[in-house]
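Treat the numbers as computed from the prediction; the structure is a model and nothing was measured.
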Amino acid sequence: MQARNFTASICGSELGIAPEFYSSESLADDIERLCDPDQPLDDARFLNVAVKYFFAYVHDGAHLERVEYGDIASLFERFSRHLSLNEPGDDVELMNLMRQWSPVLRVLADAPRAAHIMRAVAGQVDAPRAMGGPYVGVDIGAGTGIMLLAQQIQARRNGFADIRTLGFQSDPLSGERTHDLVHSLGMGGVMLADPAREGAYGMLRGRPVSHVANEMAAGIQQTLDHGNFFGKYEAFFTAVGDASDRAIFFPEGIIAHSGAEGMSVILTRENGFSAPAGCGRTGLVPQALILGGEVVPVHKLGQDFYAYLT
């Protein structure tokens, strides 16, 4: 619903008129500015990255180009109806690509929410600082790749020169595209492996992990179960052991409601992001994220950026 609301907002009657937040720089230039510790973490810049990343996900090579706002707005308009029949004049290949990558693009289509979670990772107050070792960032629920971008911004702003960020994605269709885009931006890579399997994390063994993100937890709006949530954390903690003891996690915690038990539970690193005994591991509905020590209801993710759209 949030993605649909944003798509409606960006697709007004004056598609070619760029709003005040929109910059003329390329996606790559916007990211470089955010990586510069001498530049402020600007909300408008994060929103620029979000909308341009959506466009670049569909159009190969667009991350290096200056894109007219009207072209981005037109793509959002097409995406708003990509599951319906094509209109006369639609690019059939483009519409089919969006149908193929639909689960990932739905996350990116909610640009205010995407901008919010990127900002939260990049500016995490307890993020690791360079102390001579490499920065190892992991996304155990990589879908779009925006968490890997945010980890890179975080690491560069905090003085790291040796930065390694890696996401795990089991869907070969979107996983390959996400890897290509993230890699072309110099922001790490995505491994096609099931993050709910311990063996996926073999290359992390023995490496101290700096930051652990889970884009799925912040980006989707569906119930939590073993395959999309609990199994990933269980496999990760089993595989890396104490190598993650000093890692910072995003989100810091999740509050989820169990309809069957009639109660809410808090999932954090302290309990391994695992549901307590007696509470089932299916049907848990995310209600809020814990970000910077504060509880943020899921329906308020992205609200800070709505003002840019009016």
Pair up each side-chain donor or acceptor in residues 35-43 with any protein partner under 3.5 Å, not counting sequence neighbours, and list the distances.
residue: Asp36; atom: OD1; partner: Asp38; partner atom: N; Å: 2.9
residue: Asp42; atom: OD2; partner: Ala44; partner atom: N; Å: 3.1
residue: Asp42; atom: OD2; partner: Arg45; partner atom: N; Å: 3.0
residue: Asp43; atom: OD1; partner: Arg119; partner atom: NH1; Å: 3.2
residue: Asp43; atom: OD2; partner: Arg119; partner atom: NH1; Å: 3.1

Practice task
Report yes or no: does His82 contribute a side-chain atom to a donor-acceptor pair with the main-chain N or O of Phe79 at less than 3.5 Å?
Solution key: yes
Exercise for the section: Report yes if the distance between the aromatic ring centroids of Phe76 and Phe54 is under 6.0 Å, otherwise no. Expected result: yes
Handout entry: ILVMFWY network linking Leu108 to Leu173, side-chain heavy atoms under 4.5 angstrom
Key = no
Exercise for the section: Mind telling me whether Phe273 and Tyr233 have parallel, tilted or perpendicular rings, with 30° and 60° as the class edges? Expected result: parallel
Exercise for the section: To the nearest 0.5 angstrom, please state how far the CZ atom of Arg157 sits from the CG atom of Leu34. Expected result: 7.0 Å
Completion exercise
salt bridge (Lys or Arg N to Asp or Glu O under 4.0 Å) filter on Arg81, not counting sequence neighbours, yields Glu77, Asp90
Handout entry: Option from His211, Met216, Glu215 for which side chain to side chain contact (heavy atoms under 4.5 Å, CB included) with Met147 holds
Key = Glu215
Report all side-chain donor-acceptor pairs from residues 183-193 shorter than 3.5 Å, counting only partners two or more places apart or in another chain.
residue: Ser184; atom: OG; partner: Asp180; partner atom: O; Å: 3.1
residue: Ser184; atom: OG; partner: Leu181; partner atom: O; Å: 2.7

Exercise for the section: Evaluate the side-chain hydrogen bond (donor to acceptor under 3.5 Å, both in side chains) criterion for residues Glu252 and Thr268: first the C-alpha distance (whole Å), next the side-chain angles of each, then the deciding distance (0.1 Å), finally the verdict. Expected result: CA-CA 6 Å; Glu252 298 157 39; Thr268 67; over 6 Å; no
Problem - Side-chain heavy-atom pair Ser102, Leu83 within 4.5 angstrom cut-off - result: yes
Problem - Closest contact, heavy atoms only, Phe236 versus Ser244 - result: CE2-CB, 3.9 Å
Problem - Min side-chain heavy-atom separation Thr223-Leu284 under 4.5 Å - result: no
Handout entry: Carboxylate-amine/guanidinium contact Asp29 Arg66, below 4.0 Å
Key = no
Practice task
State yes or no: do Leu289 and Val285 share one hydrophobic cluster built from I, L, V, M, F, W and Y residues joined by side-chain heavy-atom distances below 4.5 Å, directly or via other members?
Solution key: no
Handout entry: Ile248-Ile140 co-clustered via ILVMFWY side chain contacts under 4.5 Å
Key = no
Exercise for the section: Ignoring hydrogens and angles, state whether a donor on the side chain of Ser74 or Asp71 is under 3.5 Å from an acceptor on the partner side chain. Expected result: no
Exercise for the section: Establish whether Leu64 and Phe55 are linked, either directly or via other cluster members, by ILVMFWY side-chain heavy-atom contacts under 4.5 Å. Expected result: no
Practice task
Using only heavy-atom distances, determine whether the side chains of Glu65 and Ser26 contain a donor-acceptor pair under 3.5 Å.
Solution key: no
Exercise for the section: Answer whether the closest heavy-atom distance between the side chains of Pro195 and Tyr201 falls below 4.5 Å. Expected result: yes
Practice task
With the side chain counted from C-beta on, respond yes when Arg269 and Val212 share a heavy-atom pair under 4.5 Å apart, and no when they do not.
Solution key: no
Completion exercise
Tracing side-chain contacts under 4.5 Å among Ile, Leu, Val, Met, Phe, Trp and Tyr outward from Ile290 reaches Ile255, Ile266, Val295
Exercise for the section: Side-chain contact test, heavy atoms from C-beta onward, threshold under 4.5 Å: evaluate it for Leu149 versus Ile31 and give yes or no. Expected result: yes
Problem - Aromatic ring proximity His226/Phe230, centre distance under 6.0 Å - result: no
Practice task
Please tell me if the side chains of Phe21 and Leu309 come closer than 4.5 Å, counting only heavy atoms from C-beta onward.
Solution key: yes
Exercise for the section: Flag yes if more than 12 heavy atoms outside Arg205 fall under 6.0 Å of its CZ atom; otherwise flag no. Expected result: yes
Handout entry: Heavy-atom check, side chain of Leu75 versus side chain of Met98, under 4.5 Å
Key = yes
Problem - Thr178 versus Gln169, side-chain donor and acceptor atoms under 3.5 Å - result: no
Practice task
Take atom CG of Leu85 as the centre, draw a 6.0 Å sphere, and report whether it contains more than 12 heavy atoms from other residues, nucleotides or ligands.
Solution key: no
Handout entry: side-chain hydrogen bond (donor to acceptor under 3.5 Å, both in side chains) partners of Ser23, counting only residues at least two apart
Key = Glu25, Asp30, Asn48, Lys52
Problem - Side-chain (Arg177) to main-chain (Tyr57) donor-acceptor, under 3.5 angstrom - result: yes
Handout entry: Within one Ile-Leu-Val-Met-Phe-Trp-Tyr cluster: Val209 and Met203, side-chain cutoff 4.5 Å
Key = yes
Exercise for the section: Answer whether the closest heavy-atom distance between the side chains of Leu94 and Asn96 falls below 4.5 Å. Expected result: no
Exercise for the section: Could you tell me whether the side chain of Asn158 and the main chain of Ala155 form a donor-acceptor pair under 3.5 Å? Expected result: no
Exercise for the section: Give a yes or no answer on whether the side chain of Gln151 reaches the backbone of Val138 with a donor-acceptor pair at less than 3.5 Å. Expected result: yes
Exercise for the section: Could you identify which residues cluster with Phe160, counting Ile, Leu, Val, Met, Phe, Trp and Tyr as linked when any side-chain heavy atoms lie under 4.5 Å apart, either directly or through a chain of such contacts? Expected result: Tyr135, Ile163
Problem - Phe249-Phe237 aromatic ring centre distance below 6.0 Å - result: yes
